[in-house]
Each structure stands twice: as C-alpha cells, then as structure tokens.
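Heads up, the thing below is written out as structure tokens.
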Amino acid sequence: MQNRLKNRLGLWGWLGGGRYGVERYAYALHRLAGLGILAYFIMHIFVTGARANGPEQWERTMEFFQTPFFKAGEFLVFLAFAYHAINGIRLILVELAFMIGKPGLPAYPYSYSTLRQRPLLIATMVIAAVLMIIGGADLYLAIK
Amino acid sequence: MRESRLWSWHIISAVIILAFLGIHMIIMHMGAIWGALGTGSGHPVRSDEVFRRSQQLFFMITYILLLGAALFHGLYGLRSMLCELSLSRILEKAIGGLCAAAGCALFVYGSYVAVAVYRMGEMRP
Amino acid sequence: MNQPQTKESGIIKTVTYEVLRYEPAKDRAPRFEKYHVPVTKGMTVLDGLLWIKEHTDHTLSWRSSCRMGVCGSCGMFINGLPRLACNNQIVHLHSDRITIKPLPNYDIIRDLVPDLETLFEKHRAVKPYLIRKDKEEQSHPAGEYFQTEQELVSYIQFAYCIKCGLCLSACPTAGTSQNYMGPQSLTQGWRYALDSRDEGAAQREAEIFSEHGVYRCHFAGACSQVCPKGVDPALAIQLAKKDAFLRSFGRRKQRPTASVAPPVQNWVPKADIPKAPEPTVPQKNR
C-alpha cells in the first residue's frame with residue numbers, strides 16, 4: 001500500500017478549521033475556560049488552606065495577592081467562570097435533548113438541532129456578558 | 001455502563017456547583033457592590049468576615065460539598081479532554097487513575113481545612 | 001481558458017479552482033494547483049472538476065458517482081466547509097476562487113480521494129442491522145412487522161444517512177481522536193435503538209456508551225450543519241445521552257417491540273387476476 005497521507009486536523013480543529021457555526025467556537029472557548037478555572041481552583045484550595053493557620057497568616061496571604069497583576073488574574077478567572085457557567089447551563093439543557101427539537105421528516109431547507117438551539121445560545125451569551133460586567137464593576141469600580 | 005454513570009455525575013455535579021459556587025460568587029465577587037449599596041461590609045475577604053463564615057455549620061458543609069463536586073467535575077473534564085487526543089489505552093487508563101487519585105487527595109486536604117477552621121470556632125469560649 | 005463570454009457560449013464567468021494535489025508516487029507533500037474553469041448556468045463544483053479532467057489535467061483524481069447527492073462519494077472540503085461536490089453550484093459559493101481540499105480527518109490516498117475505511121469500520125462496530133431475539137425469525141422472516149406512523153417518524157430521519165463522511169470531517173473531536181466513534185456510527189447505532197422492530201439495544205450499548213462513544217460529543221453542532229441529507233446526527237447523539245441519563249435513574253420505560261404480522265387468513269383472489277409464477281426461493285408454510 002502506498003504511503004497514505006495523514007490528514008487529521010488535530011488541535012487546530014478545536015479552534016476552527018472551517019466556516020462552522022458559532023457553537024463550535026463556543027465549545028472551544030468552554031474548554032479553554034474550564035482548563036483555566038481548574039488550574040485556578042487547584043491553587044485556590046492551597047491558598048485558602050492558609051486560614052487553617054489562623055487569622056494573621058490569612059491576612060498575610062491576602063496582602064500578597066492584592067497587587068494589580070493578581071487582581072487582573074482574578075478578573076480573568078471570573079470572566080472564565082461567567083462564560084463557563086452560563087454556557088454550561090445551555091450545554092446541560094441541550095445535551096439532555098431539551099430545546100433541540102424532535103426527529104421528524106426532513107424537508108429541504110433542513111431544520112436541525114444546531115439551528116434550533118441558536119436563540120438559546122444568544123440568550124446565554126447576553127446573560128454571560130451581563131455577569132461579566134457585574135464582576136468587573138465589583139472588582140474595579142465599586143468604591144470600597 | 002461505567003461511562004454513563006460518570007457522565008451523569010458530571011452533569012449533577014455541574015448543577016451542584018451552579019448552586020453553591022453561585023452563592024460563593026455572590027458573596028465574594030459582589031461583596032464590594034453590596035457594601036456600596038449598604039448591605040454588608042464591602043470586604044468579603046477580610047479575616048474577620050472569612051472566619052465568621054467558616055465557623056458557621058452551613059458554610060462548612062457547603063464548602064465540602066462544593067469542593068467534592070468541583071473536583072469531580074473539573075477532573076472528569078480534564079480526563080475527557082486528554083482522552084480525545086488519540087492516546088494508547090494504557091495511557092488513557094493511567095490518566096483516569098491519576099485524576100481520581102489527585103481528586104481524592106485534594107478533597108481530603110480541603111475538607112480537613114474546612115473542618116479544622118470550623119472547630120477553631122467551637123473551641124473559642 | 002479564454003472562451004468568449006457570449007450569450008451563445010452560455011458562460012457566465014470564469015472561476016479559479018485551487019485544488020490540493022498529492023500523488024504519492026511523485027510528491028513528498030501536498031501542493032496547490034490552479035485551474036481556470038468557465039462557469040455555465042447550473043454548473044456544480046463536480047461539473048467543474050470534470051471540465052478540468054476533460055480539458056486541462058487528466059491526472060486530477062476524485063471519487064464521484066451519482067452526481068445528484070444520494071451516493072455520498074464526492075465529499076470534499078470546498079471553500080471552508082466539507083460539502084458534496086455534486087450538491088453545490090459554483091455560483092452559490094459566491095466566490096471567484098474555489099478552494100478544494102480532500103476531506104479532513106481521513107487519510108489521503110491521492111489528490112481528493114480520502115480513505116474512508118475508518119468510517120466504515122466504526123459503522124460496522126455498531127451492528128447497523130435489525131437484531132431480533134428470535135434468531136429463527138431473523139434469518140427466515142415469516143412476515144412483515146407492524147409499525148405505526150409515529151414509530152416510523154421517531155427514527156426515519158436518521159436512516160437517510162448516505163455514509164458520505166462529511167460529519168466526521170466537521171467534528172472537532174474526530175479531529176484529534178482516532179478512537180472516537182464519530183457522529184455517523186453513533187447516529188446509526190441510535191437509529192436502531194429507536195426502531196421499534198429492533199431488539200438489539202443491549203448489544204450496541206458497549207460501543208455507543210463507551211468512553212469513545214456519545215460522551216465525547218460536546219455539541220459543537222458542526223456535523224448537523226454539514227450533513228447534506230438533513231440527518232441531524234447531533235440530535236441523535238443528544239437523544240442517546242438523555243436516554244442513558246434517565247436509565248441510570250431507572251426512569252426509562254422499555255418501549256414495546258414491533259410484532260410480526262400474522263399470515264393473512266381465508267383470502268380469495270379476484271377471478272380476473274392471473275396466477276403468480278412459482279417462487280424460486282424456498283418458502284416457509286404460510
């Protein structure tokens with residue numbers, strides 16, 4: 001057999017690879033956000049473990065994280081959480097076959113599950129954006 | 001089937017996280033807004049606030065529940081991503097085992113902290 | 001080619017085909033080649049390829065057969081999406097540059113010819129045929145099955161799959177995982193689970209709900225977007241997940257199985273109908 005050429009898209013396929021609908025990119029962003037949240041969460045378990053050593057140790061730990069760099073990082077994690085949580089609600093609904101329609105007799109132009117849940121996608125993006133604005137306002141705008 | 005059960009728990013843990021992390025975020029990430037509106041101190045991360053919450057039974061129990069749910073959800077997601085990379089069967093099983101072990105270890109540590117801080121409050125006169 | 005764009009020639013415009021070529025005997029790596037193709041009314045991308053083969057470059061290779069979107073042979077990556085070459089008119093692509101590459105996520109045999117063997121292997125793995133508990137009845141059917149219109153509509157959409165392989169090209173999971181079953185086989189496996197005539201759901205479970213089955217789908221929805229027959233594989237996969245979720249809490253009722261129609265009793269043929277010829281296949285007594 002002559003050499004077949006490998007043609008798998010690989011990880012770039014997660015990021016795009018064609019003129020696909022927005023759901024495919026929502027999926028990639030959901031994964032990226034999830035990874036970011038997981039990394040932060042594991043660190044968070046150890047950082048908040050400092051409170052087992054008493055209030056003074058806790059205050060020292062919190063002072064260490066008050067710099068603008070860490071504050072920006074915290075904001076990024078909040079953005080990731082807002083997106084992952086609200087998109088996650090959409091995924092729970094869709095993957096349990098809500099709001100994607102029922103099997104029927106296909107007639108051109110075809111209606112399919114991806115199109116049918118698109119209003120839900122738009123609604124979740126709007127809600128996620130609102131949450132991000134609230135989080136940003138809390139971190140950067142609210143006068144302490 | 002094993003995978004069906006794991007995935008069902010992935011969904012259930014997501015709902016648990018939505019509830020408890022939602023509360024956590026409303027306290028921690030809207031704390032300044034609550035303070036500006038007049039309800040609450042506006043500093044949810046100050047040690048007196050943190051220890052006041054940690055020494056309430058409700059928060060101790062929900063922290064442990066949230067910890068367990070979040071560890072399962074996150075590590076199952078990570079294992080799911082890694083198992084989609086065309087790895088050998090042995091490597092996939094090893095990743096599953098590692099995630100389970102790491103999850104258990106982190107859960108034990110986190111629960112210990114939650115209980116220890118709660119009991120600090122019990123011991124105070 | 002400089003053919004005149006006159007009313008008589010019927011040529012609307014000239015487009016440039018950029019085709020990814022790969023000849024294993026000659027090339028180390030794939031390369032693009034350009035061809036100028038005159039476009040007439042109603043001309044599909046496949047018609048353009050045939051024009052190139054006829055007039056410009058006879059070495060260009062691809063698969064095609066029915067040229068009407070039912071055989072599933074001519075799947076290619078055309079202008080950013082996996083499509084059937086015969087199902088897409090050049091003017092509907094709204095571009096003067098038609099970029100054609102072989103279907104992603106399959107090995108390339110040559111030029112635009114993908115190796116679809118992995119698709120067929122995964123399809124075979126879900127046992128895509130009716131399975132009945134009564135083996136005698138399955139090998140020697142005694143009659144037709146009773147099935148209502150509603151029972152038919154619950155699965156018939158998924159039976160329209162033409163095995164073109166576009167869905168596996170579009171799927172991001174299939175892009176990285178060679179073990180993932182893929183939308184095509186999972187949809188066909190679930191099509192049989194939904195079919196009231198089938199009693200083999202337990203035999204397909206190990207494949208469909210394995211760690212490389214439906215749970216590696218995360219609803220990117222690209223498969224349903226590119227399916228040329230409206231099969232909507234994403235819907236079938238999410239229905240399978242919902243069923244498994246409900247079953248793990250014991251909340252799924254077993255659906256009734258279609259029974260075999262009994263032989264018609266006491267029928268008398270009309271007088272003016274001629275007698276049928278003798279059957280050439282051994283018949284069971286009816």
Side-chain angles (χ1 to χ4, degrees), chain A residues 1-34 84 87-118 120-121 124, chain C residues 22 24-25 27 29-30 77 79-82 101-110 114-115 153-158 160 169-178 194 217-243 245-246:
Chain A
M1 202 186 287
Q2 283 177 312
N3 25 316
R4 300 274 156 97
L5 199 63
K6 293 278 166 222
N7 192 22
R8 211 170 277 280
L9 276 181
L11 279 172
W12 290 115
W14 288 4
L15 293 172
R19 293 196 198 154
Y20 297 108
V22 72
E23 287 78 13
R24 192 192 165 103
Y25 306 105
Y27 145 85
L29 196 56
H30 192 82
R31 289 204 139 174
L32 191 64
H84 192 91
N87 196 43
I89 296 176
R90 176 183 74 91
L91 284 177
I92 292 174
L93 288 172
V94 166
E95 293 198 16
L96 291 176
F98 292 105
M99 305 192 74
I100 52 172
K102 280 207 253 294
L105 292 169
Y108 192 84
Y110 303 121
S111 153
Y112 48 90
S113 50
T114 323
L115 282 182
R116 285 186 214 130
Q117 57 84 64
R118 201 152 279 168
L120 177 64
L121 176 80
T124 54
Chain C
Y22 171 68
D27 299 325
F77 196 75
N79 277 21
L81 276 178
K101 297 198 262 192
L103 275 185
N105 302 339
Y106 302 103
D107 294 344
I108 308 176
I109 299 177
R110 183 196 153 123
D115 181 1
V153 169
S154 74
Y155 73 86
I156 195 71
Q157 169 179 356
F158 308 127
Y160 287 146
S169 273
C171 176
T173 309
T176 52
S177 172
Q178 63 192 45
L194 290 170
C217 164
H218 309 286
F219 201 79
C223 55
S224 293
Q225 183 191 349
V226 300
C227 178
K229 307 311 284 183
V231 171
D232 202 353
L235 177 63
I237 296 176
Q238 311 322 312
L239 286 173
K241 286 185 200 168
K242 173 188 184 173
D243 193 85
F245 186 77
L246 290 173

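Computation of the quantities below employed the complete heavy-atom set of this structure, encompassing side-chain atoms and omitting hydrogens, waters and symmetry-equivalent molecules. Bear in mind the structure is a predicted one, so any value in this text is a computation, not a measurement. Chain naming here is simple, since letters A, B, ... match the order of the sequence lines and numbering starts at 1 in each.
Under the 3.5 Å distance criterion, with hydrogens and angles disregarded, a donor-acceptor pair is assigned to the side chains of A/Gln117 and A/Glu23.
For the set C/Leu194, C/Asn79, C/Val226, the count of heavy-atom pairs under 4.5 angstrom toward chain A peaks at C/Asn79. Chain A forms more heavy-atom pairs under 4.5 Å with one residue of C/Lys242, C/Gln238, C/Arg110 than with any other, namely C/Gln238. Comparing C/Pro104, C/Ala170, C/Gly221 by heavy-atom pairs within less than 4.5 Å of chain A, the highest count is held by C/Ala170. The choice from C/Lys241, C/Gln225, C/Gln178 that makes the most heavy-atom pairs within less than 4.5 Å of chain A is C/Gln225. Of the listed residues (A/Val22, A/Leu96, A/Leu5), the greatest number of heavy-atom pairs within a distance under 4.5 Å of chain C belongs to A/Leu5. No other option in A/Gly18, A/Gly21, A/Gly104 has as many heavy-atom pairs under 4.5 Å with chain C as A/Gly104.
Heavy atoms of C/Cys223 lying under 4.5 Å from chain A are absent altogether. Both the backbone and the side chain of C/Phe219 have a heavy atom closer than 4.5 Å to some heavy atom of chain A. Residue C/Leu103 touches chain A through its backbone alone, counting heavy-atom pairs closer than 4.5 Å. Contacts between C/Pro102 and chain A at a heavy-atom distance below 4.5 Å involve backbone atoms as well as side-chain atoms. Interface residue C/Ser154: only backbone heavy atoms are found under 4.5 Å from chain A. For C/Leu235, the parts sitting under 4.5 Å from any heavy atom of chain A are the backbone and the side chain alike. If you measure heavy-atom distances from A/Leu11 to chain C, the contacts under 4.5 Å come from both the backbone and the side chain. Using a 4.5 Å cut-off between heavy atoms, A/Arg90 touches chain C through its side chain atoms alone.
For the pair C/Lys229 and A/Tyr110, the cation-pi test (distance below 6.0 Å, angle within 45°) is failed.
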task = Take C/Asp232 and C/Ser224 through the test side-chain hydrogen bond (donor to acceptor under 3.5 Å, both in side chains) and record every step on the way to the result.
result = CA-CA 4 Å; C/Asp232 202 353; C/Ser224 293; 2.5 Å; yes
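When every heavy atom of A/Ala26 is checked against every heavy atom of A/Asn87, the shortest pair comes out as O-ND2, 3.8 Å. The shortest heavy-atom contact between A/Arg116 and A/Ile100 is NH1-O, 2.6 Å. Annotation for A/Asn7 and C/Asp107: closest pair N-OD1, 4.2 Å, computed over non-hydrogen atoms. Residue C/Pro30 comes nearest to C/Tyr22 through the heavy atom pair N-CD1, 4.1 Å, listed as atom of the first residue, atom of the second, then distance. Listed here is the closest heavy atom pair of C/Tyr106 and C/Pro114: CB-CB, 3.9 Å.
The main-chain N or O of C/Pro24 is never found under 3.5 Å from a side-chain atom of A/Arg4 such that the two would form a donor-acceptor pair.
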